[in-house]
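Quantities reported herein were computed from a predicted structural model and do not represent experimental measurements. Labels below follow one simple rule: chain letters A, B, ... track the order of the sequence lines, proteins then strands, and each chain is numbered from 1.
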Number of protein chains: 2
Amino acid sequence: MKRDSRLSSVLHALLHMAEHDGPLTSETLAQCMNTNPVVVRRIMGLLRDVGIVRSAKGHTGGWTIAADLKAVTLRQLHEALGEPAVFAIGNRNEVPECLVEQSVNSVLDDAFAEAEALLLQRFQNVTLADLATEFTRRHAKWRAERTNS
Amino acid sequence: MKRDSRLSSVLHALLHMAEHDGPLTSETLAQCMNTNPVVVRRIMGLLRDVGIVRSAKGHTGGWTIAADLKAVTLRQLHEALGEPAVFAIGNRNEVPECLVEQSVNSVLDDAFAEAEALLLQRFQNVTLADLATEFTRRHAKWRAERTNS
DNA sequence: TCGAATCGTAATAATTGAAGTTACATGAAA
DNA sequence: TTTCATGTAACTTCAATTATTACGATTCGA
């Protein structure tokens, strides 16, 4: 299966927006992420629906962050994207009649549910502000290394 | 993408084999799982490579379990299948130059790694014998309910 | 007001990876 | 020696994401 990279994509876009004054166009964001403006609009549209970003048409239009960076968690973004399936591994048949298969599903489902709960927990504990901080740290380190050499 | 259901599939097959005396053919297992004998051979072949099952050709041939049910964990099976990717969600670009994207990847990777570790831990703690027990429990319950009504 | 810039969105194609299928070779048992 | 079974390569189908094309609807600025 092809992996869903939209969460990674929106985070990349949102951080660029956070580092930038004024709106960024779909075109600009698309170049930044090596993709197509329509893809950007599709994804950002979902975030607009839940109030995380705003869009404006026409000259000087584009996308801006509409929420406090400290208040937006990865979990909210995951939800805004429609809570896509987390796992690439799954049961062959979700509603089997066979008791053997039901037993297998039950045990696997438990394990996956636990892992997903942990992942979502982690997502809930990370905000856009945290990511911005992580970026600042890396940026400072990068500048220091550049200066030294 | 389509989800990888091979783990679920082999477990289903192995439990049927555990409940049955003598070898089962790919054809029988395939019917049991609503699939094609070639698919069964492909998957079971990987388990044979690590000694979990044996195969025999010709009349009276087929697949048999070659290991102690208590000694085979879900984790071993996952490994035998080549440790397929666990998540359907991933980074857009695994080796980005952009520092922003690197920051995003780093944080996401941490979260995914933790969730995967938990999942594999769970897999390690479940044996085929455990699954057989779970089946026995469900089977007994099913019979009891059948008798009552 | 006009026109260019920008989003909004539908429709469709490309891409990717799993699963399914066909075909045939190999080997073992009756 | 015939039949039944695995072994495997090659190819097709299927499902899901992502990319692209096309065009409509707004908004700003000259």
Side-chain angles (χ1 to χ4, degrees), chain A residues 1-10 12-13 17 22-49 53-64 66 78 81-94, chain B residues 1-10 12-13 17 22-49 52-66 78 81-94:
Chain A
M1 154 196 324
K2 214 176 210 174
R3 295 164 93 186
D4 182 335
S5 62
R6 291 178 304 157
L7 181 58
S8 158
S9 298
V10 285
H12 186 182
M17 288 161 68
L24 288 175
T25 66
S26 306
E27 179 65 38
T28 303
L29 290 171
Q31 281 172 6
C32 186
M33 313 163 61
N34 267 303
T35 184
N36 193 292
V38 178
V39 173
V40 172
R41 283 183 208 127
R42 249 192 323 240
I43 304 178
M44 297 300 280
L46 296 172
L47 302 199
R48 184 193 47 221
D49 291 346
V53 299
R54 253 192 306 268
S55 65
K57 293 180 177 177
H59 279 112
T60 74
W63 300 92
T64 42
H78 176 66
L81 295 176
E83 303 196 66
V86 166
F87 295 105
I89 299 180
N91 295 327
R92 175 173 187 82
N93 179 353
E94 288 303 339
Chain B
M1 145 210 357
K2 219 174 204 174
R3 293 165 93 187
D4 182 336
S5 61
R6 291 177 305 157
L7 181 59
S8 158
S9 297
V10 286
H12 187 180
M17 287 161 67
L24 287 175
T25 66
S26 306
E27 179 66 37
T28 304
L29 289 171
Q31 282 174 4
C32 185
M33 313 162 63
N34 267 303
T35 183
N36 192 293
V38 177
V39 174
V40 173
R41 284 183 207 126
R42 252 194 319 242
I43 304 179
M44 297 300 280
L46 295 172
L47 302 198
R48 184 192 49 221
D49 291 345
I52 294 173
V53 300
R54 253 192 304 268
S55 64
K57 293 179 175 177
H59 278 112
T60 74
W63 301 90
T64 42
I65 294 184
H78 176 66
L81 294 177
E83 304 196 65
V86 167
F87 296 106
I89 299 180
N91 295 325
R92 174 174 186 81
N93 177 356
E94 288 303 339

Worksheet item: B:Glu27 or A:Pro84: which one's nearest nucleotide on DNA chain D is closer to the 5' end?
Response: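 Checking each residue's closest nucleotide, the 5'-ward one belongs to B:Glu27.
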
Worksheet entry | Nearest-nucleotide comparison on DNA chain D, the residue closer to the 5′ end among A:Gly58 and A:Val39 |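 Going by which nucleotide is closer to the 5' end, it is A:Val39.
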
Using a cut-off of less than 4.0 Å, is there contact between a side-chain N or O of [X] and OP1 or OP2 of [N]?
X       : N      : result
A:Ser26 : C:dT6  : no
A:Ser55 : C:dC7  : no
B:Ser5  : C:dA19 : yes
B:Arg41 : C:dT26 : no
B:Arg3  : D:dT17 : no
B:Thr25 : D:dA5  : no

If I take atom [atom1] in residue [X] and atom [atom2] in nucleotide [N], what distance separates them, rounded to the nearest angstrom?
X       : N      : atom1 : atom2 : answer
A:Phe87 : D:dA16 : CZ    : P     : 18 Å
B:Lys57 : C:dG27 : NZ    : P     : 5 Å
A:Leu29 : C:dT6  : CG    : P     : 12 Å
B:Leu81 : C:dA18 : CG    : C1'   : 13 Å
B:Asn93 : D:dA19 : CG    : P     : 12 Å
B:Met44 : D:dA5  : CE    : C1'   : 14 Å
A:Ile89 : D:dA15 : CD1   : P     : 20 Å
B:Asp49 : D:dG7  : CG    : P     : 9 Å

Worksheet entry | Between B:Ser55 and B:Arg48: side-chain donor-acceptor atoms closer than 3.5 Å |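 Checked: B:Ser55/B:Arg48 side chains pair up, N/O donor to acceptor below 3.5 Å.
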
Worksheet item: Are B:Thr28 and B:Thr25 close enough that a side-chain donor and a side-chain acceptor fall under 3.5 Å?
Response: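 Checked: B:Thr28/B:Thr25 side chains pair up, N/O donor to acceptor below 3.5 Å.
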
Could you check which of [options] has an atom nearest any side-chain atom of [X]?
X       : options                : answer
A:His59 : D:dA19, C:dG3, C:dT21  : C:dG3
A:Thr60 : C:dA30, D:dC28, C:dT16 : D:dC28
A:Lys2  : C:dA18, C:dT15, D:dT6  : C:dT15
B:Val38 : C:dA19, C:dT22, D:dT21 : C:dT22

For [X], report the nucleic acid contact type (base, sugar-phosphate, nothing); a contact means any heavy atom under 4.0 Å.
X       : answer
B:Gly45 : nothing
A:Arg42 : base
A:Asp4  : sugar-phosphate
B:Arg48 : sugar-phosphate

Practice prompt. To the nearest 0.5 Å, tell me how far B:Leu24 CG sits from B:Met44 CE.
Written response: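 So the gap between those two atoms works out to 8.5 Å.
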
Worksheet item: Is a side-chain donor or acceptor of B:Arg6 paired with a backbone partner of B:Leu81 at a separation under 3.5 angstrom?
Response: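 Yes; at least one donor-acceptor contact below 3.5 Å.
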
Worksheet item: Just wondering, do B:Pro84 and B:His78 contact through their side chains at under 4.5 Å, heavy atoms?
Response: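 Side-chain contact under 4.5 Å: yes.
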
Worksheet item: Of A:Ile89, A:Asp4, A:Val86, which meets side-chain contact (heavy atoms from CB on, under 4.5 Å) against B:Phe87?
Response: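 That would be A:Val86.
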
